[in-house]
Amino acid sequence: MLSILQTALELGLIGSLTVLALFLSYTMLGVCDLSTDGCFTLGAAVGAVVAISGHPWLSLPAAMCAGVLSGFVTALLQTKLGIDSLLAGIIVNTGLYSINIAVMGGASLLNMNKTDTVFSMLKKLLAGTTVSNLYKLFVGLIAAALVVCFLSVFLRTRLGLAIHATGDNPDMVRSSSINPAFTTIVGLCISGSLTALSGCLLAQSQKSVNIDIGSGMVTIALASLLIGRAFAPMGGIPVRAIGAVVGAVVFRLVYAVALRLNMPAFMLKLVSSVIVVIAIAGPYLKARYPELHRRLTHARQKGGEGHA
Amino acid sequence: MLELDHISKTFNPGTVNEKRALHELTLRVKNGDFISIIGANGAGKSTLFNAIAGSFFTDSGRITLGGTDITLQPEHVRAKVIGRLFQDPMRGTAPGMTIEENLALAAGRGGWLGRITKADRALFRDKLAPLGMGLEDRMQHPVGLLSGGQRQALSLMMATINTPKLLLLDEHTAALDPATAEKVLNLTKQIVKDDKLTCLMITHNMQSALELGNRTLMMDQGRIIFDVEGEARAKLTVPDLLVLFREAAGRNLDNDRMMLS
C-alpha cells in the first residue's frame with residue numbers, strides 16, 4: 001500500500017509540472033492549450049533521445065527547448081496567423097505526432113532500461129543511504145518546488161503581470177502599451193517548456209517513451225488544476241501554484257486508491273474527463289440554480305391554481 | 001499637436017452593409033485644447049477616437065501627433081502617448097488583478113522583469129488618495145470588487161499616470177450614477193488642468209459640452225459639421241446648437257440619448 005502511495009506521489013509531482021504549465025496558460029493567460037498532449041510527448045521523446053545519446057543532464061534543457069519551440073508555434077498560429085486558439089492547439093498537436101515519431105527515429109517506442117537518466121544518476125548517488133528508494137520522489141519534489149518558485153517570482157514581474165492581464169482584459173494590456181500578441185507568445189513558450197519537462201521526467205522515471213505517453217494529458221492536467229483550485233481558490237500566486245501541485249497529487253492518490261478498489265487502469269481518462277466536466281459545469285449550474293428553481297416553483301404554482 | 005488630415009474610413013466596403021464612418025475628416029488640435037464633441041448616434045464620434053487611438057488603420061489620410069506620423073502605428077505603440085477612457089468602466093482595468101497590479105502595468109516602470117517597488121507603491125498611494133474613495137488602502141484588493149465609479153476613477157488614474165500627450169474620453173461618465181458621474185468629471189477636470197493635458201471628450205450632454213473645455217465640435221455622418229471656440233462659443237446656448245445642427249446637417253437633431261439640459 002505504501003509503495004502505491006509513493007508511486008502516486010511521484011507521478012503527481014512529475015505531472016504537476018504540466019498542471020503548472022496549464023496554470024500559466026489556462027488560468028493566467030486564458031488560453032486552453034490543446035497542444036499539451038503532443039508537447040508532453042515531444043519533451044519525453046527529445047529527453048529520451050538526448051539521454052540515450054549519453055547526456056542525462058542535457059536531456060532536461062533539451063526537452064524544455066523543444067517545448068518552447070512547440071509553444072512558440074502554437075502562439076504564432078493564434079496571434080499572427082488568425083487561427084482560433086483551440087484550433088491552433090489541435091493543429092500543432094496533430095503535427096507533433098509525426099514530429100515525435102521522427103524524433104524517436106521512426107519508432108513509436110524507445111527503451112531506456114540501460115540508459116543513464118536523471119533518476120538513475122540520483123539513484124546511484126543515494127545508494128546505500130536510508131532514503132535510497134525515494135530518488136524518484138526527490139526529483140519530482142525538486143522539480144515542482146523549483147517551478148512553483150519560478151512562477152511565484154515571474155508572475156510578479158511586469159512581464160508576468162502583463163501575461164496575467166492578457167487573460168483578464170487584453171484591451172487593458174494594449175492601453176498599457178504592451179502587445180498582447182507578445183505576452184501570449186511568451187506565456188505559451190514558458191508553459192510549453194514546463195509541459196515538455198514534465199514529459200521528459202515521466203519518460204525517464206518509467207525508463208521508456210511510448211508515442212502515446214502524452215495522450216489525454218491535457219484533460220488529466222486540467223482535472224488536477226481544477227481540483228487544486230478547490231483547495232486554494234483565492235490567495236496569491238504562490239498559494240494557488242502550490243494548490244495546483246496539491247491538485248495533481250490528490251488526483252493521482254484518488255486514482256491509485258480507485259485502482260486498489262479494482263477500478264480497471266483504462267478508466268483513468270474517463271475519470272479525468274468526468275472530473276473536468278464536474279469542476280467546470282458545477283459552478284455554472286450553481287449560478288443558474290435560482291433560474292431552475294424559479295422554473296420549477298413557477299410550474300408548481302400554476303398547477304396549483306389549475307386544480308383550485 | 002494632433003493633426004488629422006483628410007482621414008476616411010469605410011466599414012464593409014463593397015457590401016450592402018457598407019458604412020462610411022469617417023469622411024475626409026480634417027482636424028487640427030492645438031496644445032492644451034480641451035475639446036468636447038457632440039453628435040447623433042452613428043455620427044462617427046467613437047470611430048474618430050478609434051482612428052486616433054489606432055484600433056484600426058484609416059483607409060486614407062494622415063494622422064500626426066506631436067510632429068510624429070502615427071497613421072500606421074499599432075494601437076499599443078500609440079498607447080504610450082494616448083490615454084483613453086471608455087463608457088464601459090470594465091474596459092479600462094483587469095478585474096482579476098489587484099489595484100496595485102493594474103496601476104503597475106499602466107505605469108510600466110522598470111524593465112520586463114522589474115517588480116513593484118516601495119517607491120511605486122508610494123506613488124500609487126499619492127495618486128489614489130485625492131480620489132477620496134479609500135482605494136489607497138485597498139491596493140491589494142482585486143479590481144473586480146470595485147464599483148463602476150471606482151473602476152472608472154482608477155481607469156482615469158491609469159490613463160494619466162504617465163502624462164499622455166492626448167487624452168480621449170468616450171462618454172466616460174455616461175454609465176455612472178449622477179453623483180458618481182459628477183465626481184469622476186470633476187476629477188477629470190482637475191487632472192486635465194493640473195497636467196495641462198490636451199483632451200478630446202465625447203459627451204451626449206449638450207450643456208456640459210458647452211461648459212467644459214475651450215472648444216466644441218459637432219459631428220454628423222463622419223464629418224465635422226461645426227467647430228466653435230472662444231467668444232462665439234461662450235455666447236452659445238443649447239437651443240442655438242440645435243439650430244446650428246439643423247442648418248449644417250439639413251435635418252433636425254433627433255436623438256433620444258442627447259440630453260438638452
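This is a predicted model, so every value here is computed, not measured. Letters A, B, ... are given to chains in the order of the sequence lines, protein chains preceding strands, and every chain is numbered from 1.
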Review point. Does atom CZ of R121(B) have more than 12 heavy-atom neighbours, drawn from other residues, nucleotides or ligands, at distances under 6.0 Å?
Key: yes

Review point. Using non-hydrogen atoms only, which part of M90(B) is less than 4.5 Å away from chain A: side chain, backbone, both, or neither?
Key: backbone

Point to revise | Shortest non-hydrogen contact between A79(B) and S175(A), atoms and distance | key: CB-O, 3.7 Å

Exercise for review: Measure distances from R109(B) to the heavy atoms of chain A and classify the residue's part below 4.5 Å as side chain, backbone, both or neither.
Suggested key: backbone

Exercise for review: Name the option with the most non-hydrogen atom pairs under 4.5 Å to chain A; the candidates are R84(B), E101(B), Q140(B).
Suggested key: E101(B)

Check your understanding: Among G236(A), P170(A), S176(A), who wins on heavy-atom pairs under 4.5 Å with chain B?
Key -> S176(A)

Check your understanding: Of all heavy-atom pairs between P95(B) and N169(A), which one has the smallest distance, and what is that distance?
Key -> CD-CB, 4.5 Å

Exercise for review: Look up atom NZ in K80(B) and atom OG in S177(A), then write down how far apart they are to the nearest 0.5 Å.
Suggested key: 6.0 Å

Check your understanding: For F72(A), does the CZ atom sit with more than 12 other heavy atoms under 6.0 Å from it, leaving out its own atoms?
Key -> no

Study note, to complete from the structure: Of T93(B), V77(B), L105(B), the largest count of non-hydrogen pairs under 4.5 angstrom with chain A goes to L105(B)

Point to revise | Sorted by number, residues from residues 152-161 of chain A in contact with chain B (heavy atoms, under 4.5 Å) | key: V153(A), R156(A), T157(A), R158(A), L159(A), L161(A)

**Study point:** Interchain contact, N102(B) with chain A, by part (heavy-atom threshold 4.5 Å)
**Key:** both

Review point. Could you give the distance from CE (M172(A)) to CZ (R91(B)), rounded to the nearest 0.5 Å?
Key: 14.0 Å

**Study point:** Approximate separation, where rounding is to 0.5 Å, of H76(B) NE2 and R174(A) CZ
**Key:** 9.5 Å

